[in-house]
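What you see below is based on every heavy atom in this structure, not just the backbone, and it leaves out hydrogens, waters and symmetry mates. Quick note on labels: first sequence line is chain A, next is B, and so on, each numbered from 1.
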Amino acid sequence: MKKMLEAKIKRALTLAAAERGLDLGPALDRFVVEEPRDPDHGHLATNAALVLAKAFGQKPTELADEILARLDNREGWIEKMEKAGPGFINFTLGLDWWAKALGDLLTAGDDFGRGEPKGLKVMVEYVSANPTGPLHVGHGRGAAIGDALARVLDRAGYEVVREYYINDAGRQMRLLGNSVYQRARELAGATEPFPDDHYRGQYIIDLAREALSREPGLLSRPEDEVVSELTDFAHQDILGGIKADLAAFRVGHEVWFSETSLYRDGLVDQALTFMRARGYIYEQDGALWFRATALGDEKDRVLIKSTGEKTYFAADIAYHWNKYQRGFDLVIDIWGADHHGYIPRMKAAVEALGRRRDDLAVILVQMVSLVRDGQPVSMSTRAGEFVTLKEVLDEVGADAARFMFLTRSPDTTLEFDLELAKAKTRDNPVYYVQYVGARIESILRGNPALAGDRPDLRRLVQPEETALIKHLTAFPELIQSAAQRWEPHHLTAYLTTLARLFHHYYGQHRVAVDDDPALASARLALVRAIRLVVRLGLDLLGVDSPNSM
RNA sequence: GCGCCCGUAGCUCAGUUGGAUAGAGCGCCGGACUACGAAUCCGUAGGUCAGAGGUUCGAAUCCUCUCGGGCGCGCCA
C-alpha cells in the first residue's frame, strides 16, 4: 500500500527536481512513508518536503505546497492532503482506496503476503545441539526462531533449506560413551568416583541401565569394544529423542548433516587444501594454523593439533565450504549467545573460502530463564540436570511455547513464565490471538447466508474498520521486512495488535447487523479477511489457529 | 584486561536502515453480557528512553565515555 504512494511521490519529487536542473539521486530513497500518530490527521504521511528541502537548501514548509501541487489525484484515491509539522505531508485515503485494498486481499486469499520469487537460495541452520543430551529450553528458543525465520523467508520469496548439524565426531562422543560405561560399572558395583568432565545427567544412568538389561554380561567384554558400542547406542538413542522432541515442537529440518560425514567424504581435507592455496595456512609448533588475523579475527586458530587430530573448527570450516558448494547464496546460522566469540573466526573462514563475509549471517539467541508466577525456576538443581524442552512442551504445549519464544528479539534475554504460557486470559498473547480466529469462525457459522456475497466494501466507513483494513494490508510489507531483517518476532507483535483491533471493533460494532444486510455482508467480508491473516500469521510462527477453543 | 548483547512506565517488553506529542500488555481503581464466544471490551493514572557529552533542521535510534546486568575470551566441542 505504501509502495503506490511512494511511487507517486517520487514522481512528484523528480519533476520538481528536474525543473531545477537537479538530480535527486540517492536522496530520493531518503523519504519515508509512515503512519501518523494521530489518525485524524491522515492515514499516511511522508517527509517528502524534508527531502526536497535538503536537496534544494530550502525550508521544508515552502516546498510542501509544491509537492502537493505535483501529486496527481485523478483516481480519487486521496481524500485529503495537508501540510503538517516540520515538512510532513499527511494523506487521508478515501473509501475507494480501502475498499480496493480489502478486495485485493480477499482475492489473493491464501496467497496474500506471498513475495515474488527472489531466485536466492538460503540455508537456515538451527538447533544443531550436540547429541550428548536432551534438548533444553534454550534449544527450544533457537528452534522456534529458526523455524519461524525459515517460514518467513519462504513466504517472502526465498528458496529455503532448513538444516541440523550433528556433532557426532570427536572427543565429546568418546566422552559420551565413556560416561555410559562408567555408569554401567557403578551399577555393577564399582565404586571409583565418576570423572568430573563426563556427562552427569540422569539420562546417562538410564542408558547404562538399559544397556545392562539388554546384555547382563556386557562388562566382561573388552572395554574398548564396549565403549565403542555404548557410544553408538547412546548417540542413536539421544538423537532419536531430539528428533522426537523437535517433531512434537513442530520443528522440521530437511537435512540432518553429520559431522562424521565430512571426514568420510574428505571435505575437511579439501577445504584445508583450498585455504592453503589461498595462503591462509601455516605450520607452527607442530600444529597447522589458520591465519585468521589476516581476516579480522583477534588470533590465529588451530586446524590440526600437534597430535594430528583435526579441531572442531576445521570440521566446521569444511561444513560451511560444503554449504556454499551446494549453491546457497546466503547461509544463516542460529547459535546460542555463548558462542558469540566464535563469529569472527567463522566469518574469517568464510572469506578464506573465497566468499564474502556477509554470505554468512549469524543470529545469536540470548538465554532463556524460566519463571513460574514471577518466581525463578531453578535451571540446574544438580550438576547435569536442567529443564528440558520436553518438560516445557508437556506442561504448556507447542503453541504457547513457540509463540512465547517469538515474542522477543533474539538479542534480549527471555523470561519464560510457565504459568503465563498456560493462562487462558488476555495476559497470554497466544490465546488472545487464537481467540480472534475462534470468535470469527463462530460469527461465520452463525451467518452462512451472508458470508458468500460480493459485498460493497465501501460500506466500511467506521474508523475501527479503516484501522483494521490498514493493519491487514500492512501484512505483506511486514513479511518482507521480517525476512530482510531476519527478525520473525515482529509477527507476534503484529498479530497481537491485530487481535486488539479486532476485539475492540467487536466490542463497538455488531458484525451481523440485523437491519442492514448489505452492511452485514461487508462486515462479514472484513472479518473473513481478519480470519485469513490471523491464520496466515500464526502459520508463519508455526502456531495452530483453531476454529474453536 | 579485551570482546559481544542488554538497560525504555511499578512489572514484562515493542519501537534502532535518524523523523511529528516515545507505544502495548500486565498490575491498581472504576464500569459493561435478556445482540454475533465476558478466553472479551470500555474508562482514568503512570516516562530526565541508565547517565554525560557529541554529530544535525531533527536522536530511544548514530559516535565517544561512564555506570549497572548477562555472556564469552582453549592445540574443548
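Between the P atoms of B:rC13 and B:rC75, the separation comes to 37 Å (whole Å). Rounded to the nearest Å, the gap between the P atom of B:rU64 and that of B:rG3 is 11 Å.
At a cut-off of 3.5 Å, with distance as the only test, no side-chain donor of A:R408 or A:T413 sits close to an acceptor on the other residue.
Using a cutoff of 4.0 Å between basic side-chain nitrogens and carboxylate oxygens, A:D516 and A:R523 are not scored as salt-bridged. The pair A:D269-A:K310 meets the salt-bridge criterion, with a side-chain N (NZ, NE, NH1 or NH2) lying under 4.0 Å from an Asp/Glu carboxylate O. Between A:E351 and A:R356 no salt bridge is recorded (no basic side-chain N to carboxylate O distance below 4.0 Å).
Heavy atoms of A:E309 sit nowhere under 4.0 angstrom from any nucleic acid atom. Nucleic acid contact for A:S442: base, since at least one base atom lies under 4.0 Å from a heavy atom of the residue. Residue A:F313 is out of contact with every strand shown, counting any heavy-atom pair closer than 4.0 Å. Within the nucleic acid shown, A:N167 has no heavy atom closer than 4.0 Å to any nucleic acid atom. If you check every strand for non-hydrogen atoms under 4.0 Å, A:T407 touches nothing. A:R510 comes within 4.0 angstrom of a nucleotide base, judged by non-hydrogen atoms across all strands. Within the nucleic acid shown, A:D285 comes within 4.0 Å of at least one base atom, counting heavy atoms only. Contacts of A:Q434 with the nucleic acid, taken as non-hydrogen atoms under 4.0 Å apart, are absent. Residue contacts for A:A169: at a heavy-atom cut-off of 4.0 Å it reaches the sugar-phosphate backbone alone, with no base atom in range. Residue contacts shown for A:R301 are absent, as no nucleic acid heavy atom lies under 4.0 Å away.
By the 5.5 angstrom centroid cut-off and the 30-degree plane limit, A:Y506 is classified as stacked against the base of B:rC36.
In this structure, CG of A:L414 is placed 9 Å from P of B:rA14, rounded to the nearest angstrom.
A:Y506 carries A:R439 over the face of its six-membered ring, with the cationic atom under 6.0 Å from the centre and within 45° of the normal.
Taking only distance into account, the side chain of A:S306 meets the base of B:rC75 through a donor-acceptor pair shorter than 3.5 Å.
Comparing atom distances between the A:S548 side chain and each of B:rG3, B:rG37, B:rU40 picks out B:rG37 as nearest.
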